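The next block holds one structure in the form of structure tokens; read it before the comments.
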Amino acid sequence: GAVVSQHPSWVICKSGTSVKIECRSLDFQATTMFWYRQFPKQSLMLMATSNEGSKATYEQGVEKDKFLINHASLTLSTLTVTSAHPEDSSFYICSAIGALPTYEQYFGPGTRLTVT
Amino acid sequence: AQTVTQSQPEMSVQEAETVTLSCTYDTSESDYYLFWYKQPPSRQMILVIRQEAYKQQNATENRFSVNFQKAAKSFSLKISDSQLGDAAMYFCAYRGQGGSEKLVFGKGMKLTVNP
């Protein structure tokens with residue numbers, strides 16, 4: 001089955017620093033990936049849609065300058081949280097769209113970010 | 001815009017019994033997909049079942065089945081012979097027909113399975 005990995009699975013960083021999270025589709029090519037944020041006991045909140053070779057499309061209210069998304073290849077998308085602050089602490093999940101006919105979304109295992 | 005509503009934040013069921021999780025949605029589209037995802041404590045999202053709106057037959061996957069009522073915009077999940085491993089958050093989700101359409105999630109429901 002299709003596998004999506006995320007790295008790191010857990011990261012702690014100091015306030016003011018930047019942290020990069022990688023999302024890889026291991027056995028398929030994904031022209032579209034999604035980045036979600038999830039607070040405890042809440043649903044997934046879509047942050048942005050990442051398309052290979054083009055700029056990401058951000059959801060309303062998501063700061064594009066704080067959450068930089070790069071989809072440089074068909075198997076890799078990265079989310080960089082710039083100048084992180086404690087309120088950016090959250091669980092970040094990526095997903096990648098598979099191929100025809102279902103275009104199913106395959107989810108990564110998530111990354112827990114703690115900003116101290 | 002499409003919306004997905006899960007009105008029950010929590011439910012519990014005895015092991016080996018049956019439980020039904022409810023979900024309603026709103027859309028003006030005629031072709032779309034509906035999903036139930038499971039998120040166990042590991043927080044890995046797992047696809048439980050998928051329903052294509054153009055199919056009248058309800059989807060089934062082993063102990064999991066759905067009751068899809070297109071006119072009522074209702075999409076409930078029935079879990080039969082509940083097992084301890086079924087304990088998780090369950091999310092109902094909608095997706096349009098396009099290949100790069102985003103998923104619209106409900107708020108989720110926490111299922112507890114009692115031994």
Side-chain angles (χ1 to χ4, degrees), chain A residues 1-6 9-10 23 28-54 56-60 62 69 71 74 77 90-113, chain B residues 1-11 21-25 29 31-55 59 61 87-112:
Chain A
V3 178
V4 175
S5 70
Q6 277 185 246
S9 57
W10 183 42
C23 176
F28 66 102
Q29 294 183 330
T31 55
T32 301
M33 293 183 174
F34 298 94
W35 286 95
Y36 298 88
R37 185 174 181 176
Q38 186 180 32
F39 292 105
K41 299 184 180 180
Q42 293 190 23
S43 188
L44 280 69
M45 182 189 77
L46 181 64
M47 299 174 66
T49 302
S50 169
N51 292 298
E52 187 268 337
S54 63
T57 302
Y58 291 82
E59 295 297 301
Q60 191 172 9
V62 177
I69 292 171
H71 194 153
L74 288 172
S77 176
S90 192
F91 193 69
Y92 293 88
I93 303 173
C94 73
S95 70
I97 292 184
L100 291 164
T102 63
Y103 297 112
E104 183 174 325
Q105 277 195 36
Y106 299 97
F107 287 84
T111 297
R112 183 181 304 279
L113 170 63
Chain B
Q2 293 81 11
T3 59
V4 176
T5 301
Q6 294 178 253
S7 56
Q8 305 153 298
E10 291 191 41
M11 293 186 73
L21 287 60
S22 63
C23 172
T24 59
Y25 61 95
E29 304 294 321
D31 290 329
Y32 48 86
Y33 295 86
L34 295 166
F35 305 85
W36 279 99
Y37 284 92
K38 169 185 177 182
Q39 189 180 41
S42 68
R43 302 189 81 169
Q44 170 72 60
M45 295 289 285
I46 301 167
L47 176 65
V48 175
I49 200 163
R50 173 198 308 110
Q51 175 78 45
E52 291 91 339
Y54 67 88
K55 290 186 177 180
E61 288 288 342
M89 286 290 294
Y90 284 83
F91 295 95
C92 179
Y94 167 101
R95 200 199 81 202
Q97 193 182 18
S100 60
E101 290 275 332
K102 60 186 179 183
L103 285 168
V104 178
F105 284 96
K107 288 187 175 182
M109 192 224 69
K110 180 180 179 181
L111 178 66
T112 301

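This is a predicted model, so every value here is computed, not measured.
Counted by atom type alone, Tyr32(B) and Tyr54(B) present zero donor-acceptor pairs between their side chains at under 3.5 Å. Side-chain contact annotation: Glu52(A) with Gln29(A), donor-acceptor N/O pair under 3.5 Å absent.
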> Passes side-chain contact (heavy atoms from CB on, under 4.5 Å), Ile93(A) versus Gln6(A)? Steps please.
Replying inline: CA-CA 8 Å; Ile93(A) 303 173; Gln6(A) 277 185 246; 4.2 Å; yes

> Stepwise, does the side-chain contact (heavy atoms from CB on, under 4.5 Å) test hold for Phe107(A) with Tyr36(A)?
Replying inline: CA-CA 10 Å; Phe107(A) 287 84; Tyr36(A) 298 88; 3.8 Å; yes

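Of the atoms belonging to Gln6(B), not a single heavy atom falls under 4.5 Å from chain A. Interface remark: Leu47(B) contributes side-chain atoms only to the contact with chain A (heavy atom separation under 4.5 Å). Contacts of Phe35(B) with chain A are absent, with no heavy-atom separation under 4.5 Å from either backbone or side chain.
At a heavy-atom separation below 4.5 angstrom, chain B is approached by Gln42(A), Ser43(A), Leu44(A), Leu46(A) within residues 42-50 of chain A.
Atom OG1 in Thr31(A) sits 7.0 Å away from atom NE2 in His71(A) (nearest 0.5 Å).
Aromatic ring centres of Phe91(A) and Phe39(A) lie farther apart than the 6.0 Å criterion allows.
Residue pairs meeting the salt bridge (charged side-chain N to carboxylate O under 4.0 Å, His left out) criterion with at least one partner in residues 32-51 of chain B, sequence neighbours excluded, are Glu104(A)-Arg50(B).
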